[in-house]
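What you see below is based on every heavy atom in this structure, not just the backbone, and it leaves out hydrogens, waters and symmetry mates. All values derive from a computational prediction rather than experimental measurement.
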Amino acid sequence: MNLRVRLKNPVFWTQLLMSICATVLAYAGLTAADITSWGALLDVARQALANPYCVFLVASNIWSALNDPTTSGLTDSDRVRQYEKPLEK
């Protein structure tokens with residue numbers, strides 16, 4: 001897997017952050033508007049980390065962000081592994 005290139009791609013980070021935040025907030029029954037302080041954010045994060053099911057959901061989202069469904073297993077194609085930066089169209 002060409003993880004080095006994925007880490008350079010802001011779309012990867014956006015996808016990862018949004019999927020983690022959406023999962024944690026949905027599990028807690030909250031919306032982003034409910035997080036009005038850093039303390040509230042830390043409380044929600046602690047609750048999520050203390051719950052195995054929520055941790056499983058977040059891990060599933062991370063797997064989905066890393067996995068390329070067009071190839072077998074957790075690998076990238078030979079062409080993608082040769083990229084030095086994300087492909088620009």
Side-chain angles (χ1 to χ4, degrees):
M1 174 185 312
N2 198 339
L3 192 58
R4 183 186 64 214
V5 172
R6 289 178 195 235
L7 295 176
K8 293 178 185 177
N9 189 342
V11 173
F12 169 78
W13 288 107
T14 303
Q15 174 188 5
L16 200 61
L17 183 63
M18 288 176 55
S19 67
I20 291 169
C21 289
T23 300
V24 170
L25 289 175
Y27 179 79
L30 301 170
T31 66
D34 296 320
I35 306 298
T36 57
S37 69
W38 289 108
L41 178 64
L42 290 174
D43 286 341
V44 170
R46 271 191 228 108
Q47 291 171 9
L49 287 173
N51 186 303
Y53 181 66
C54 194
V55 171
F56 169 76
L57 292 175
V58 169
S60 297
N61 284 333
I62 292 170
W63 171 267
S64 295
L66 290 173
N67 186 35
D68 179 359
T70 63
T71 60
S72 63
L74 190 63
T75 62
D76 286 328
S77 66
D78 291 334
R79 185 177 115 186
V80 171
R81 282 185 264 175
Q82 295 175 12
Y83 291 170
E84 294 295 321
K85 62 180 184 168
L87 182 64
E88 295 181 25
K89 294 181 179 183

Would you say the side-chain atoms of D34 pair up with the backbone N or O of T31, donor to acceptor, closer than 3.5 Å? yes

Interatomic distance, CD@Q47 vs CG@L42, rounded to 0.5 Å, equals 11.0 Å

Under a single-linkage definition using a 4.5 Å side-chain heavy-atom cutoff for Ile, Leu, Val, Met, Phe, Trp and Tyr, are F56 and L49 assigned to the same hydrophobic cluster? no

Any V58 side-chain heavy atom under 4.5 Å of V24 side chain: yes

Taking all non-hydrogen atoms of both residues, which atom of A40 and which atom of I35 are closest, and how far apart? O-CD1, 4.4 Å

Which atom pairs, donor and acceptor, lie under 3.5 Å between side-chain atoms of residues 10-18 and protein residues at least two apart or in another chain?
from: W13; atom 1: NE1; to: L7; atom 2: O; distance (Å): 2.7
from: T14; atom 1: OG1; to: P10; atom 2: O; distance (Å): 2.9

Under the salt bridge (charged side-chain N to carboxylate O under 4.0 Å, His left out) test, residues paired with D43 that sit two or more places apart: R46

Close side-chain approach of I20 and I62, heavy atoms under 4.5 Å: yes

Nearest 0.5 Å, what's the OH-CG distance between Y27 and L57? 8.5 Å

